[in-house]
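Report on one structure; see the data block that follows.
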Amino acid sequence: MRDAYHEELDSIGDGLVEMARLVGSAIGRATTAILDADLKLAESVIEADKKVDDLQHDLEARAIALLARQQPVATDLRIVVTSLRMSADLERSGDLAQHVAKLARLRFPERAVPQDLHATILEMGQLAQRLMAKAAEVIITKDVDLALQLEADDDAMDLLHRTLFQHLIDERWKHGIETAVDVTLLGRYYERYADHAVAVAKRVVFLVTGEHADEIQTDIQSVTGADGA
């Protein structure tokens, strides 16, 4: 019975990894769709989000069944509860990729992103995909150090987001209000997507250590500061 129980716990982890890989692929394909005005690709991203939703529902059902049948405590309980929260973060990431694809579909056959912002949006999309790939690796390896690195990686996304905003408020902006709204939304989608990838990694830190990532980082900074002094 215990072997079956731990196999079920492992399968929940496998499901989370699959979700992370799916939403990572989704943001990459959605970025291509928005930049190239590729309607077929946008539609495929929108349709594929159903698989992410189905995976989340399945994980929730299995996690709740485990709670009811096994009444886990200590580390096992932390695994189940944290997995539920991670699945919600990953499902939301899939929704954000879908939002990018829906914007591509809305503006087709026109391109939603002006040429002078093409490179910035491409970089945001690539960074989002890398962040989610790292989050998937963290789920697999339970590597706390790698998990804590995602916070720094997310700073790069915040910088890109601010760069995008600077373009929007520049008096030389010449692309009109509709495009400004589109670009504002895109920036928010990528920024929030990155936040969810970081949240997944932070939840793994809690799963492994029983401590919140922010508390660990504060302790590290305190020790580093003391050593520096």
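Sequence positions, counted from 1, serve as the residue numbers for this chain.
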Worksheet item: Under a 4.5 Å cut-off applied to non-hydrogen side-chain atoms, are F206 and R78 in contact?
Response: yes
Worksheet item: What are the two closest non-hydrogen atoms of A197 and A135, and how far apart are they?
Response: O-CB, 3.9 Å
Discussion item. Please tell me whether V45 and L106 are part of a single hydrophobic cluster in this structure, the criterion being side-chain heavy atoms less than 4.5 Å apart.
Written reply: no
Practice prompt. For S87 and L84, indicate whether the former's side chain and the latter's backbone hold a donor-acceptor pair under 3.5 Å.
Written response: yes
Item to complete: Carefully, step by step, assess L90 and V52 under the rule side chain to side chain contact (heavy atoms under 4.5 Å, CB included).
Response: CA-CA 8 Å; L90 292 168; V52 176; 5.8 Å; no
Discussion item. For K40, is there any backbone N or O sitting under 3.5 Å from a side-chain donor or acceptor partner on D38?
Written reply: yes
Discussion item. According to a hydrophobic-cluster definition based on side-chain heavy atoms being under 4.5 Å apart (Ile, Leu, Val, Met, Phe, Trp, Tyr only), do F108 and L186 belong together?
Written reply: no
Fill in: Nearest non-hydrogen partners of A101 and I46, listed with the distance
CB-CG1, 3.8 Å
Worksheet item: Checking side chain to side chain contact (heavy atoms under 4.5 Å, CB included) for the pair E91/L55: CA distance, chi angles, key distance, verdict?
Response: CA-CA 9 Å; E91 188 275 335; L55 269 171; over 6 Å; no
Practice prompt. Can you measure from CZ (R130) to CE (M157) and round to the nearest 0.5 angstrom?
Written response: 8.5 Å
Worksheet item: Quick one: are E151 and K202 in side-chain contact, heavy atoms under 4.5 Å?
Response: yes
Worksheet item: Should we count CD of E60 as having more than 12 external heavy atoms under 6.0 Å?
Response: yes
Worksheet item: Out of curiosity, D95 CG to D49 CG, how far, rounded to the nearest 0.5 Å?
Response: 5.0 Å
Discussion item. What's the separation between atom OG1 in T75 and atom CG in L207, rounded to the nearest 0.5 Å?
Written reply: 8.5 Å
Worksheet item: Is there a side-chain contact between V200 and V138, using heavy atoms and a 4.5 Å cut-off?
Response: no
Worksheet item: Is L117 linked to V181 within one hydrophobic cluster, defined over Ile, Leu, Val, Met, Phe, Trp and Tyr using a side-chain heavy-atom separation of less than 4.5 Å?
Response: yes
Worksheet item: Can you check whether V23's main-chain N or O pairs, donor with acceptor, with Y193's side chain at less than 3.5 Å?
Response: yes
Worksheet item: Could you go step by step and tell me if I27 and S93 meet the side chain to side chain contact (heavy atoms under 4.5 Å, CB included) rule?
Response: CA-CA 8 Å; I27 198 66; S93 299; over 6 Å; no
Response to the item:
Nearest heavy-atom contact between V198 and L150 is CG2-O, 3.6 Å
Worksheet item: Would K51 and E18 count as a salt bridge (Lys or Arg N to Asp or Glu O under 4.0 Å) if you check the C-alpha gap in whole Å, the side-chain angles of each, and the deciding distance to 0.1 Å?
Response: CA-CA 10 Å; K51 184 173 182 180; E18 185 178 359; 3.8 Å; yes
Item to complete: Applying salt bridge (Lys or Arg N to Asp or Glu O under 4.0 Å), run through R162 and D158 and close with a yes or a no.
Response: CA-CA 6 Å; R162 288 195 294 273; D158 293 338; 5.3 Å; no
Worksheet item: Only one of V100, L164, L96, L185 clears side chain to side chain contact (heavy atoms under 4.5 Å, CB included) with Y190; which?
Response: V100
Worksheet item: H175 and D116: side chain to side chain donor-acceptor pair (under 3.5 Å), yes or no, with the steps?
Response: CA-CA 10 Å; H175 304 294; D116 54 335; 3.2 Å; yes
Worksheet item: Name the one of I64, D54, D14, L16 that satisfies side chain to side chain contact (heavy atoms under 4.5 Å, CB included) with L59?
Response: L16
Worksheet entry | Within 6.0 angstrom of I169 CD1, more than 12 heavy atoms from elsewhere | yes
Fill in: Minimum side-chain heavy-atom gap T179-P114 below 4.5 Å
yes
Worksheet item: Looking only at heavy atoms, which two atoms of V183 and A112 are closest? And how far apart?
Response: CG2-O, 4.4 Å
Worksheet entry | Minimum heavy-atom distance between A136 and V17, given as atom pair plus value | O-CG2, 4.3 Å
Worksheet item: After noting the C-alpha distance and the side-chain angles of R29 and S25, does the key distance pass the side chain to side chain donor-acceptor pair (under 3.5 Å) rule?
Response: CA-CA 6 Å; R29 292 183 297 119; S25 172; 3.2 Å; yes
Item to complete: Output, in order, the C-alpha distance, side-chain angles, deciding distance and verdict of salt bridge (Lys or Arg N to Asp or Glu O under 4.0 Å) for R192 and D195.
Response: CA-CA 5 Å; R192 289 298 298 142; D195 286 346; 2.9 Å; yes
Worksheet item: Hey, quick one: are V208 and L146 part of the same hydrophobic cluster, counting side-chain heavy atoms closer than 4.5 Å, chains of contacts allowed?
Response: yes
Discussion item. How about CZ on R85, more than 12 heavy atoms from neighbouring residues, nucleotides or ligands closer than 6.0 Å, or not?
Written reply: no
Worksheet entry | salt bridge (Lys or Arg N to Asp or Glu O under 4.0 Å) between K134 and D153, worked out | CA-CA 10 Å; K134 276 192 178 181; D153 293 339; 2.6 Å; yes
Discussion item. Does anything in residues 96-111 form a salt bridge (Lys or Arg N to Asp or Glu O under 4.0 Å)? List the pairs, not counting sequence neighbours.
Written reply: E43-R105, R107-E178, R107-D182
Worksheet item: Between A37 and P109, what is the shortest heavy-atom contact and its length?
Response: CB-O, 4.0 Å
Item to complete: Quick one: pull up CD in E7 and CG in D10 and give me the separation to the nearest 0.5 Å.
Response: 7.5 Å
Discussion item. Set out, in order, the CA-CA distance, both residues' side-chain angles and the distance that settles side chain to side chain contact (heavy atoms under 4.5 Å, CB included) for I139 and V204, then state yes or no.
Written reply: CA-CA 6 Å; I139 296 171; V204 174; 4.1 Å; yes
Discussion item. Tell me whether I12 shares a hydrophobic cluster with L67, the cluster being built from Ile, Leu, Val, Met, Phe, Trp, Tyr side chains joined at under 4.5 Å.
Written reply: yes
Item to complete: Kindly compute the distance separating NE2 (H118) from CD (E123), expressed to the nearest 0.5 Å.
Response: 13.0 Å
Worksheet item: Rounded to the nearest 0.5 Å, what separation is found between the CG atom of D155 and the CG atom of L160?
Response: 11.0 Å
Worksheet item: Which one of H99, H196, H161 satisfies the ring pair (Phe, Tyr, Trp, His ring centres under 6.0 Å) criterion with Y189?
Response: H99
